[in-house]
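Okay, so here's the structure we're looking at.
These numbers were taken from a predicted model, which means no experiment stands behind them.
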Amino acid sequence: KDATVWRKPSEEFSGYLYKAQGVVEDVTNRIVDHIRPGPYRLDWDSLMTTMDIMETFDENCCVMRYTTAGQLWNIIAPREFVDFSYTTSYEDGLLTCGISLDYGDVRPNFVRGFNHPCGWFCVPLKDYPSHSLLTGYIQTELRGMLPQSAVDTAMSSTLANFYSDLKKALKT
């Protein structure tokens, strides 16, 4: 009810490009402030367990390391990602995008995942300026020995939960 999730084969790697889209009742700046690396993300994103800004290049550009919880009764073990993240104005809204980097050693008890080019576009709805259309394009290579069916289940439920969790956080 909160979001629609599609997938198609990725042109970047042997997995899938996922597209998630939904309307969020809030303005673009506030929504993107909750999505991009920073103080809000850990408060509401139930999948993310840690987040460290490793390098900051300017207010909207950084390298971050974050970890995610295990999924599907830990069939998918906790993952660690190191991403370059950049947020900028895009047309009438905002774009926050990223890509993983080979950076530093992997922490014990984690599998290093890799995000191929990903991004979240957030634009106001013309007829309802207090609502925004949030569209995400995600290409995550979880790595490790995982059946594709487990990855598909985890990705679709994670992206749908992302919207409902974000909406709850924005109401507080």
Next on the checklist: Less than 4.5 Å apart, side chain to side chain, heavy atoms only: is that true for M155 and R7?
Outcome noted: no

Checklist entry - Should we count CG of D43 as having more than 12 external heavy atoms under 6.0 Å? => result yes

Next on the checklist: If we ignore hydrogens and angles and just use 3.5 Å, is the side chain of Y163 paired with the main-chain N or O of L134 as donor and acceptor?
Outcome noted: yes

Checklist entry - When the ring planes of F84 and Y86 are compared, do they come out parallel, tilted or perpendicular, using 30° and 60° as the limits? => result parallel

Checklist entry - Checking Y103 side chain against V63 main chain: does a donor-acceptor pair fall under 3.5 Å? => result no

Checklist entry - Near E55 CD, under 6.0 Å, is it more than 12 heavy atoms from other residues, nucleotides or ligands? => result yes

Checklist entry - Between the main-chain N or O of L142 and the side-chain N or O of R79, is there a donor-acceptor pair closer than 3.5 Å? => result yes

Next on the checklist: Can you tell me if N109 has over 12 outside heavy atoms packed within less than 6.0 Å of its CG?
Outcome noted: no

Checklist entry - Step by step, would you call D152 with Y18 a side-chain hydrogen bond (donor to acceptor under 3.5 Å, both in side chains)? => result CA-CA 9 Å; D152 292 342; Y18 293 86; 2.6 Å; yes

Next on the checklist: If you count heavy atoms of other groups shown closer than 6.0 angstrom to CD of Q148, is the number above 12?
Outcome noted: yes

Checklist entry - Same cluster for V24 and L94 if Ile/Leu/Val/Met/Phe/Trp/Tyr side chains link at under 4.5 Å? => result no

Next on the checklist: Run D92 and K126 through salt bridge (Lys or Arg N to Asp or Glu O under 4.0 Å) and show every step you take.
Outcome noted: CA-CA 10 Å; D92 292 334; K126 291 193 186 317; 3.7 Å; yes

Next on the checklist: For F110, is the CZ atom crowded, meaning more than 12 foreign heavy atoms sit under 6.0 Å from it?
Outcome noted: yes

Next on the checklist: Pair E80, T67 - check side-chain hydrogen bond (donor to acceptor under 3.5 Å, both in side chains), show working.
Outcome noted: CA-CA 4 Å; E80 174 187 69; T67 57; over 6 Å; no

Checklist entry - Heavy-atom count around F13 CZ within 6.0 Å, excluding the residue itself: above 12? => result yes

Checklist entry - What class does the angle between the rings of W44 and F162 fall in, given that below 30° is parallel, 30 to 60° is tilted and above 60° is perpendicular? => result perpendicular

Checklist entry - Crowded around Y40 OH? As in, over 12 foreign heavy atoms under 6.0 Å? => result no

Checklist outcome for this item: side chain to side chain donor-acceptor pair (under 3.5 Å) with Y66: of D83, D45, T49, only one passes, and it is D83

Next on the checklist: How close do R36 and T96 get, counting heavy atoms only, and between which atoms?
Outcome noted: CB-OG1, 3.8 Å

